[in-house]
Amino acid sequence: MTRKKVTLAYIANDAARKATFKKRKNGLMKKVSELSTLCGIDACAIVYSSYQAEPEVWPSTLGVHRAIARFKNMSEMDQSKRMVNQQEFIRQRIVKAEEQLKKQLHENREREIVQVMYRALVGEGLQGLIIVDLNDLGWMLDKTGKEIEERIKKLKKSTPSSEQAASAELQADKAAPENHASLNDVVAVEATQNQPWYMDLLKPRNEGDALNLGRNDPMPSYPYGNPTPSWSDFYFP
């Protein structure tokens, strides 16, 4: 269960204030002890209250005197380094809160002007805007235009131009018929190699060798003249 947020204000009830003092004082002493042990530093705490005649100290009176003496032996610049009182602490908090508020107002104003710009893009008018609003709208338009230009430049650098793409496509189209022709030649050669009878017909030979005749032997005669081979009508590229 989370601790309930406590309002930092003076406690009017005496009993509640005394109980809170005792509880917070013990917690403060414990934190100082842990800081000194964990970090190995000299630390001390002095707490004055209306409930006790003598102040309560940690770790002891001797330890407090030793820590204060060491602090006084330091230079004034080192003593004042990172030292703040309650007034300075509150002033720093106020400055930080003002900066956060200014940043948040700027972000809200940008969102408001962006909504006005989007409404103008869909056709809504700009009636009711004052000079300050129009100036802010002009600034937002310039900023958005620059962002779009930067985005376009990045996209152009990351992707090839249309001329390069068209040139690459044209080269691919030119190379396609040659590739198809080469592929057809390869297919035709493989087909002929798979037909041994056709390769035998294409092999050069002497007529005498084809008929098993000698060089001086007469050629045989045919009754109807020289016959036309059946493959003579084939087309050869």
Side-chain angles (χ1 to χ4, degrees), residues 1-9 24 27-28 30-32 34-43 71 74-187:
M1 184 176 180
T2 58
R3 177 184 292 182
K4 183 179 179 181
K5 187 176 180 180
V6 178
T7 303
L8 296 180
R24 294 300 179 95
L28 177 62
K30 182 179 179 181
K31 292 297 182 183
V32 175
E34 292 175 353
L35 179 63
S36 178
T37 302
L38 295 175
C39 302
I41 60 173
D42 291 334
F71 175 76
M74 299 172 62
S75 62
E76 294 183 1
M77 181 178 296
D78 292 335
Q79 290 182 11
S80 60
K81 187 184 296 183
R82 297 184 179 180
M83 179 185 293
V84 294
N85 52 23
Q86 186 69 17
Q87 182 179 359
E88 183 66 19
F89 176 75
I90 294 176
R91 190 188 67 81
Q92 292 179 0
R93 293 291 300 271
I94 292 174
V95 172
K96 185 176 180 180
E98 288 177 350
E99 292 178 354
Q100 293 177 350
L101 177 61
K102 184 178 180 180
K103 181 180 179 180
Q104 189 63 47
L105 290 174
H106 182 73
E107 293 178 356
N108 293 341
R109 181 61 176 174
E110 284 191 3
R111 293 190 181 97
E112 181 181 354
I113 296 302
V114 168
Q115 293 296 327
V116 173
M117 182 179 65
Y118 287 161
R119 289 197 298 266
L121 289 175
V122 298
E124 295 186 12
L126 301 177
Q127 295 82 2
L129 298 181
I130 59 177
I131 298 298
V132 177
D133 297 335
L134 294 175
N135 290 335
D136 293 343
L137 180 60
W139 174 83
M140 180 59 66
L141 291 173
D142 293 338
K143 178 183 176 183
T144 306
K146 292 179 181 179
E147 292 176 354
I148 294 175
E149 291 178 359
E150 292 295 330
R151 181 61 177 169
I152 292 175
K153 290 180 181 180
K154 290 181 180 180
L155 291 176
K156 286 183 178 180
K157 291 181 180 180
S158 61
T159 57
S161 61
S162 57
E163 296 180 357
Q164 295 177 352
S167 177
E169 185 177 358
L170 181 60
Q171 293 178 359
D173 294 338
K174 288 182 179 179
E178 298 178 359
N179 295 334
H180 289 306
S182 301
L183 181 61
N184 292 334
D185 294 341
V186 172
V187 173

| If only atom types and distance count, is the side chain of S80 paired as donor or acceptor with the main-chain N or O of M77 below 3.5 Å? | yes
| said: So, taking the atom named CD in Q79 and the one named CD in E76, what distance separates them when rounded to the nearest 0.5 Å? | reply: 6.5 Å
| request: Taking S36 for its side chain and I41 for its backbone only, find out whether a donor-acceptor pair lies under 3.5 Å. | output: yes
| field | H106 vs K102 side-chain heavy atoms within contact, under 4.5 Å | value | no
| message | In the structure I gave you, are the side-chain heavy atoms of Q104 and Q100 within less than 4.5 Å of one another anywhere? | response | no
| note | To the nearest 0.5 Å, atom CD of E110 lies from atom CG of L105 at 12.0 Å
| query | Side chain of T37, backbone of E34: donor and acceptor closer than 3.5 Å? | reply | no
| For D78 and K81, what are the C-alpha separation, side-chain angles and deciding distance, and is it a side chain to side chain contact (heavy atoms under 4.5 Å, CB included)? | CA-CA 5 Å; D78 292 335; K81 187 184 296 183; 3.9 Å; yes
| remark: Between V122 and R119 the two heavy atoms that sit nearest each other are CG2-O, 3.0 Å
| Can you tell me how far CE of M83 sits from CZ of F71, rounded to the nearest 0.5 angstrom? | 3.5 Å
| request: Can you see which heavy atom on I113 is nearest to which on D133, and at what distance? | output: CD1-O, 4.2 Å
| said: With rounding to the nearest 0.5 angstrom, report the CD to CE distance, Q115 to M117. | reply: 9.0 Å
| message | Can a donor-acceptor pair be found, under 3.5 Å and without considering hydrogens, that links the side chain of N135 to the backbone of I131? | response | yes
| Atom NZ in K153, atom OG in S158: separation rounded to 0.5 Å? | 14.5 Å
| message | For the CD atom on Q87, are there more than 12 heavy atoms of other groups (residues, nucleotides or ligands in this structure) within a distance under 6.0 Å? | response | no
| task | Could you tell me whether the side chain of V132 reaches within less than 4.5 Å of the side chain of R109, counting heavy atoms only? | result | yes
| field | side chain to side chain contact (heavy atoms under 4.5 Å, CB included) assessment of R91 paired with V95 | value | CA-CA 6 Å; R91 190 188 67 81; V95 172; 4.1 Å; yes
| message | Just verifying a value: how many Å separate E88 CD and N85 CG, rounded to the nearest 0.5 Å? | response | 6.5 Å
| query | Is there side-chain contact between L28 and R24, with at least one heavy-atom pair below 4.5 Å? | reply | no
